[in-house]
Chemist: 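Handing you this structure, nothing more for now.
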Amino acid sequence: MQRIKFKDMPYERPVLKEAQDSIARLVERLTKAESYAEARDAFMAHEELNRTIDTMSTLAHIRHSIDTRDEFYDGEVSFWNEASPELMASENAWTKALLDSPFRPDFTEEFGDLMFVNAEIERRAFSEEIVGELQQENRLTVEYAKLIASAQIPFEGKTYTLSQLTPFKNDPDDERRLAAWKAEGSWYKEHQADLDRIYDELVSLRDTMGKKLGHDNYVALGYDRMGRNCYGKDDVERFRASVVKYVVPLCDQIYRAQAERLGFAYPLSFSEAQLMFRSGNPKPQGTADDILAQGKRFYDELSPETSEFFRTMLDCELLDVLSTEGKEGGGYCTELPVYGLPFIFANFNGTQGDVEVITHEAGHAFESYLNAERVPGSYVWPTMEACEVHSMSMEFFAWPWVDGFFGPDAQKYLYHLAGGVTFIPYGTMVDHFQHEVYEHPEMTPAERHATWARLLATYMPWLRLDGDIPFYAEGEGWQRQSHIYERPFYYIDYCFAQTVALGFWAMIQDDQKNAWEHYLAYTRLGGSLTFTDLLDRAGLTSPFEEECLRTICEKAHAWLDDFDLSGIE
């Protein structure tokens with residue numbers, strides 16, 4: 001692990017042909033190896049090459065997302081969008097050679113079989129026939145991200161980005177909050193044609209890729225591209241059924257109580273549903289520096305491992321959290337393999353989401369930090385749903401420190417257990433919507449909007465589709481969910497993870513120390529096991545078992561009923 005500040009990390013675009021030739025030479029070395037020692041040397045050299053290539057690509061993408069107007073990194077991202085699919089073709093040859101190697105049993109004995117299971121999935125998910133579609137897909141997702149980043153929304157005499165407008169969408173004043181929702185919706189409406197076109201082209205491209213690889217549509221390929229190695233579409237459908245059966249009724253009660261508490265009619269408008277308390281939703285106290293300082297206190301006191309981790313993040317300037325013009329929206333955590341360091345990107349905007357960057361995204365970063373030296377590099381991270389357990393659970397481990405983040409609003413924030421529960425139907429609906437879209441790629445934009453509106457009635461019946469905000473009322477709200485454009489089928493991972501995180505929450509209520517030991521044991525395994533095996537090793541129930549959501553909903557219901565809201569306006 002190299003302790004180096006992010007700004008000092010040098011970037012150099014690789015020569016594509018040289019990188020491809022290097023991989024080809026390693027394929028030849030592996031294929032011709034006469035002993036496991038020779039095969040292993042080729043394998044380790046390939047690991048090192050990949051670490052370098054991945055680090056350069058990540059540096060370009062991070063610096064581009066920090067300022068999408070930067071012409072140099074805009075050009076570098078364009079290079080990677082074209083080069084990555086071509087490198088995938090070279091990597092496909094490596095994967096085939098590894099899978100066919102006579103030394104596979106030796107590799108399995110040293111590194112486990114999961115890398116071969118994942119390699120089989122990678123091989124299924126790629127063919128040189130789809131390189132052109134992958135390149136065009138990259139161009140379209142960048143176009144979407146730049147469109148979102150370019151938003152300049154007039155509001156109350158000033159101009160805001162979408163992220164900067166968010167605090168006004170949470171304002172306790174009903175008229176002001178509704179006006180902010182309308183302003184946001186108007187911007188999306190103004191760009192409706194581009195949003196529809198981009199997604200139309202993405203669906204068509206992905207459907208074509210699925211069919212070129214022998215599938216009826218994109219769904220099976222989408223699962224393979226997500227690296228799903230221990231569950232399938234039937235398991236997801238069972239989870240959806242449990243959400244409708246157990247979670248939606250609990251959420252309905254939560255929103256009915258909210259409507260009564262705030263004096264709103266039920267069902268709620270989109271703007272009304274956003275407000276948890278009449279005095280406003282919990283807001284962090286202090287500046288961005290104050291939030292980072294409290295984050296340091298939290299991680300210092302939580303454990304020696306987290307203390308070392310967060311101090312490194314601060315010392316190496318691996319958090320870019322201020323919301324600035326030209327900055328891409330949203331937030332993420334990624335890794336820089338050459339340095340063995342994670343990086344956190346975010347857009348602080350004065351809402352509770354700022355604190356959740358320090359807990360949620362840093363949960364990802366902590367896992368990456370602990371596993372940075374794993375071989376193969378693919379074992380640093382598990383699959384996405386398992387990754388989200390690290391982040392969502394960390395939010396609950398932060399509860400004893402919320403006073404320092406929220407001051408007088410700490411009690412409000414603790415009630416965000418309700419938000420953790422009410423997220424699950426939304427996230428599940430995002431996934432259900434994508435299945436509908438990719439199973440029916442011929443849908444028109446209007447039909448997709450109608451599908452979203454129909455699913456809202458099933459998963460979020462507490463919302464009324466009135467005409468106050470046409471963008472939302474007409475079933476177009478899905479277009480602000482970047483995952484739908486950029487990472488198809490990703491979003492359900494948050495729901496599986498939230499379910500597991502709520503399991504950790506239940507453990508914390510009984511014994512925080514014991515829960516942390518389980519969390520640390522789960523996290524130290526990195527990506528060396530499948531999601532379900534990680535859960536089994538940590539003594540947690542799989543979200544694919546109906547008992548899981550049923551039990552969690554019972555415990556959450558009892559806790560929320562007993563939670564003291566007195567004194568909170």
Chemist: Looking just at side-chain N and O atoms, do S391 and E388 make a donor-acceptor pair shorter than 3.5 Å?
Modeler: yes
Chemist: Does R374 make a cation-pi contact with Y379, if we ask for NZ or CZ under 6.0 Å from the ring centre and within 45° of the axis?
Modeler: no
Chemist: When you compare the side chains of E91 and H46, does any donor N or O come within less than 3.5 Å of an acceptor on the partner?
Modeler: yes
Chemist: Please report whether the ring centroid of F423 lies less than 6.0 Å from that of Y491.
Modeler: yes
Chemist: If you measure from CG on L250 to CD on E554, what distance do you get to the nearest 0.5 Å?
Modeler: 10.5 Å
Chemist: Validate the cation-pi geometry between R13 and F79: distance from NZ or CZ to the six-membered ring centre under 6.0 Å, angle to the ring axis within 45°.
Modeler: yes
Chemist: Check this for me, if you would: do D207 and K211 make a salt bridge, where the nitrogen-to-carboxylate-oxygen distance has to be below 4.0 angstrom?
Modeler: yes
Chemist: Please check if the number of heavy atoms outside D216 that lie under 6.0 Å from its CG is greater than 12.
Modeler: no
Chemist: Answer yes or no: is there an ion pair linking R51 with E47, defined by an N-O contact shorter than 4.0 Å?
Modeler: no
Chemist: I'd like to know if the side chain of Q253 pairs up with that of R256 as donor and acceptor (distance under 3.5 Å, no hydrogens or angles considered).
Modeler: no
Chemist: Take a 6.0 Å sphere around CZ of R454 and say whether it holds more than 12 heavy atoms from other residues, nucleotides or ligands.
Modeler: yes
Chemist: Do R124 and Y223 get their side chains close enough for a donor-acceptor pair, meaning under 3.5 Å?
Modeler: no
Chemist: Could you tell me if Q479 and D196 have a donor-acceptor pair between their side chains, going purely by distance under 3.5 Å?
Modeler: yes
Chemist: Does K212, at its NZ atom, have more than 12 non-hydrogen atoms belonging to other residues, nucleotides or ligands within less than 6.0 Å?
Modeler: yes
Chemist: Show the nearest heavy-atom pair for residues L87 and W80, with the distance to one decimal.
Modeler: CD1-CZ3, 4.1 Å
Chemist: Assess the residue pair E335 and W381 against the criterion (side-chain hydrogen bond (donor to acceptor under 3.5 Å, both in side chains)); give the C-alpha distance rounded to whole Å, side-chain angles, the decisive distance to 0.1 Å, and a yes or no.
Modeler: CA-CA 10 Å; E335 65 167 331; W381 305 91; 2.9 Å; yes
Chemist: Tell me if a side-chain donor or acceptor on H432 pairs with a main-chain N or O of T428 at a distance below 3.5 Å.
Modeler: no
Chemist: Where do A125 and D224 come nearest, in terms of heavy atoms and distance?
Modeler: CB-CB, 3.9 Å
Chemist: Checking side chain to side chain donor-acceptor pair (under 3.5 Å) against R228, which of T383, D235, D493 comes through?
Modeler: D493
Chemist: Hey, what do you get for CD1 (I153) to CG (L162), rounding to the nearest 0.5 Å?
Modeler: 4.0 Å
Chemist: Report yes if the side chains of I552 and Y246 come closer than 4.5 Å at any heavy-atom pair, otherwise no.
Modeler: no
Chemist: Ring centroids only, cut at 6.0 angstrom: are F397 and H518 within range, meaning strictly under it?
Modeler: no
Chemist: Output yes when R448 and E436 qualify as a salt bridge under the 4.0 Å nitrogen-oxygen rule, no when they do not.
Modeler: no
Chemist: Would you say the side-chain atoms of R238 and Y231 include a donor-acceptor pair closer than 3.5 Å?
Modeler: no
Chemist: Ring centroids only, cut at 6.0 angstrom: are F396 and F504 within range, meaning strictly under it?
Modeler: no
Chemist: Using the ring centroid of each side chain, check whether H390 and Y522 are separated by less than 6.0 Å.
Modeler: yes
Chemist: Looking at F345, I'd like to know if the NZ or CZ of K327 sits under 6.0 Å from its six-membered ring centre while staying within 45 degrees of the ring's axis.
Modeler: yes
Chemist: To the closest 0.5 Å, what do you measure between CD (E395) and CD (Q352)?
Modeler: 9.0 Å
Chemist: Tell me whether the rings of F111 and F43 are parallel (<30°), tilted (30 to 60°) or perpendicular (>60°).
Modeler: tilted
Chemist: When the ring centroid of F496 is compared with that of F544, is the distance short of 6.0 Å?
Modeler: yes
Chemist: Roughly how far, to the nearest 0.5 Å, is the CZ atom of F343 from the OG1 atom of T58?
Modeler: 11.0 Å
Chemist: Any carboxylate oxygen within less than 4.0 angstrom of a Lys/Arg side-chain nitrogen, looking at D200 and R197?
Modeler: no
Chemist: Let's go through I130 and L213 carefully: what are the C-alpha distance in whole Å and the side-chain angles of both, what is the deciding distance for side-chain contact (heavy atoms from CB on, under 4.5 Å) to 0.1 Å, and is it a yes or a no?
Modeler: CA-CA 8 Å; I130 65 170; L213 294 183; 4.1 Å; yes
Chemist: Would you give the length of the straight line joining atom OH of Y218 to atom CZ of F489, rounded to the nearest 0.5 angstrom?
Modeler: 7.0 Å
Chemist: Please lay out, stage by stage, how R104 and D113 fare under the test side-chain contact (heavy atoms from CB on, under 4.5 Å).
Modeler: CA-CA 9 Å; R104 178 168 173 171; D113 189 58; 4.0 Å; yes
Chemist: Could you walk me through whether H64 and E76 satisfy the side-chain contact (heavy atoms from CB on, under 4.5 Å) test, starting with their C-alpha distance in whole Å, then the side-chain angles of each, then the deciding distance to 0.1 Å, before giving a yes or no?
Modeler: CA-CA 8 Å; H64 176 259; E76 293 309 293; over 6 Å; no
Chemist: More than 12 non-hydrogen atoms from neighbouring residues, nucleotides or ligands closer than 6.0 Å to CD on E109, yes or no?
Modeler: no
Chemist: Parallel, tilted or perpendicular: which describes the rings of W462 and Y255, with under 30° parallel and over 60° perpendicular?
Modeler: parallel
Chemist: As a quick check of understanding, evaluate side-chain contact (heavy atoms from CB on, under 4.5 Å) for T499 and F239, giving each step before the final call.
Modeler: CA-CA 10 Å; T499 302; F239 178 81; 3.6 Å; yes
Chemist: Could you give me the CA-CA distance, side-chain angles and deciding distance for Y485 and E143, then say whether side-chain hydrogen bond (donor to acceptor under 3.5 Å, both in side chains) is met?
Modeler: CA-CA 10 Å; Y485 284 79; E143 183 182 357; over 6 Å; no
Chemist: Students often mix this up, so state it plainly: with edges at 30° and 60°, are the rings of H360 and H364 parallel, tilted or perpendicular?
Modeler: perpendicular
Chemist: Distance only, no hydrogens: is a donor on one side chain within 3.5 Å (strictly under) of an acceptor on the other, for R206 and Y438?
Modeler: yes
